[in-house]
Amino acid sequence: MSTRRSDEPIYWGLFGFGGMVIAFALPAILTLMILQGFGVDCFKLAAIAKTWWGAGALFVIVSASMWHGFHRIYHGLHDLCIHTTRVHHYVLYGLAVIFSLAALVIYASKFFGWCA
Amino acid sequence: MENNVKSYRKPYVRPVKANWWTDRGFYIAYMIREATAVLAVVVALELLVLSCMSQESIVAFLKNPLVILVNILSLASVMYHTITWFNLMPKAVRMFATKKPTDTKLIPAKLIISAEWIGAAVAFAVIVVACVCLV
């Protein structure tokens, strides 16, 4: 009998955290984005991403939403009668890892001024 | 559970079609709830891409009618996520009203959900103030 512990609690924890982050942060961000689209000058993302609190918050929001979304898509495949294998697991959680690392690099470079 | 004994069981597995959820409102609502994850990933990706652009390019991108449409659909999707997420929270996490191990009195679900909505309203206000006033 295998005694290896499951790695699922890590993903479930990130899923739960991401669900909370989406519920708290994305309604306001999307509202501001839509208002900006209609000409109200309220979404100053380029300036916010250069502050320490903005870069930190945006990194958490982007990566937590990614982990939440890919976890839910991975388990949702079962409901669409797609029986998941290790390949689905590595591809979907791999995307979450890649986007999180990309967010880390982008917001770190914004904050430290490595690029414009 | 692994063992090396060959199994002669032949259990009947009822066939399930991929559209099993389309004939009942409850199942459709469940599938919509799970599908909100797709637009959440889209929004996160949009935010990440926008963060690499200059303010002029961000403003021009957000003025695109197709982008406005996707953003409105995403807002509806995120609000559905928020409502369902807050409502299932008391079911997923059992919070006890006292610390005594013999007393299993739970904090009422309505109280938890109300607290979540107050928190969400505060977070909304904080983000709007941060975006409009602080930079």
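Protein chains get the first letters and strands the later ones, always in sequence-line order, with residue 1 at the start of each. Because the structure is predicted, anything quoted here is derived from the model rather than measured.
Both the backbone and the side chain of B:Leu45 come within less than 4.5 Å of a heavy atom of chain A. Contacts of A:Ala25 with chain B are made by both backbone and side-chain atoms, with heavy-atom separations under 4.5 Å. Heavy atoms of A:Phe70 lying under 4.5 Å from chain B belong to its backbone as well as its side chain. For B:Met53, the part lying near chain A is the backbone, with the side chain staying farther off; criterion is any non-hydrogen pair under 4.5 Å. Heavy atoms of B:Tyr30 lying under 4.5 Å from chain A belong exclusively to its side chain. Neither the backbone nor the side chain of B:Ala92 comes within contact range of chain A; no heavy atoms are under 4.5 Å apart. Using a 4.5 Å cut-off between heavy atoms, A:Ile82 does not touch chain B at all.
Put simply, CD1 on B:Ile72 and CD1 on A:Ile34 are 5.0 Å apart, with the number rounded to the nearest 0.5 Å. In this structure, the separation between CZ on A:Phe43 and CG on B:Leu50 is 6.0 Å, given to the nearest 0.5 Å. Note that CD1 of A:Ile106 and SG of B:Cys52 are 3.5 Å apart. Values are rounded to the nearest 0.5 Å. Rounding to the nearest 0.5 angstrom, the gap separating the CE atom in A:Met33 from the CG atom in B:Leu62 is 5.5 Å. Expressed to the nearest 0.5 Å, how far CG of A:Leu45 lies from CD1 of B:Ile58 amounts to 4.5 Å. Rounding to the nearest 0.5 Å places CG of A:Leu26 at 7.5 Å from CG of B:Leu47.
Residues B:Ala40 and A:Ser65 share a closest heavy-atom pair of O-CB, 4.3 Å. B:Val41 and A:Gly69 get closest at one heavy-atom pair: CG2-CA, 3.6 Å. Closest approach of A:Ala102 to B:Leu48, counting heavy atoms only: CB-CD2, 4.4 Å. Between B:Gln55 and A:Ala46, the shortest heavy-atom distance links the atoms OE1-N, 3.2 Å.
Surrounding NE2 of A:His78 are at most 12 heavy atoms belonging to other residues, nucleotides or ligands under 6.0 Å away. Within a 6.0 Å radius of CH2 in A:Trp12, no more than 12 heavy atoms belonging to other residues, nucleotides or ligands are found.
Between chain B and the options A:Gly19, A:Ala57, A:Ala47, the largest number of non-hydrogen pairs under 4.5 Å is found for A:Gly19. In terms of heavy-atom pairs under 4.5 Å with chain A, the best-connected choice from B:Trp21, B:Tyr27, B:Phe86 is B:Phe86. When each of A:Thr51, A:Ile61, A:Leu80 is scored by its heavy-atom pairs under 4.5 Å with chain B, the top score falls to A:Leu80. If you tally non-hydrogen atom pairs under 4.5 Å between each of A:Tyr107, A:Phe24, A:Phe38, A:Phe99 and chain B, the highest count goes to A:Phe24.
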**Request:** Please test B:Trp85 against A:Phe15 for ring-ring contact (aromatic ring centres under 6.0 Å, His included), starting from the C-alpha separation and ending with a verdict.
**Result:** CA-CA 12 Å; B:Trp85 188 263; A:Phe15 163 76; 5.4 Å; yes
**Asked** Could you walk me through whether A:Ile22 and B:Val78 pass the side-chain contact (heavy atoms from CB on, under 4.5 Å) check?
**Response** CA-CA 7 Å; A:Ile22 291 171; B:Val78 163; 4.2 Å; yes
**Request:** Apply side-chain contact (heavy atoms from CB on, under 4.5 Å) to the pair B:Ile127 and A:Leu32, showing each step before the final yes or no.
**Result:** CA-CA 9 Å; B:Ile127 292 170; A:Leu32 291 168; 4.2 Å; yes
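Here the side chains of A:Met20 and B:Glu116 are in contact, with some heavy-atom distance below 4.5 Å. At least one side-chain heavy atom of B:Thr36 sits under 4.5 Å from a side-chain heavy atom of A:Arg72. In this structure, A:Pro27 and B:Met79 have side chains that are in contact, with non-hydrogen atoms separated by less than 4.5 Å.
Using modelled atom types, one side-chain atom of A:Lys110 and one backbone atom of B:Ser51 make a donor-acceptor pair closer than 3.5 Å. Distance alone, capped at 3.5 Å, places no donor-acceptor pair between the A:His68 side chain and the B:Ala37 backbone. Looking at B:Glu34, its side chain never comes within 3.5 Å of a backbone N or O of A:Gly76 through a donor-acceptor pair.
No path of Ile, Leu, Val, Met, Phe, Trp and Tyr side chains, each step under 4.5 Å between heavy atoms, connects A:Val105 with A:Ile48, placing them in separate hydrophobic clusters. Cluster membership for A:Leu58 and A:Val60, using ILVMFWY side-chain heavy atoms within less than 4.5 angstrom, is shared. Hydrophobic clustering (ILVMFWY, side-chain heavy atoms < 4.5 Å, transitive): B:Val129 and B:Val132 are in distinct clusters. Clustering ILVMFWY residues whenever any of their side-chain heavy atoms sit less than 4.5 angstrom apart, transitively, puts B:Leu73 in a cluster other than the one holding B:Val38. Hydrophobic clustering keeps B:Ile107 apart from B:Phe96 (ILVMFWY residues linked when any side-chain heavy atoms are closer than 4.5 Å, directly or through intermediates).
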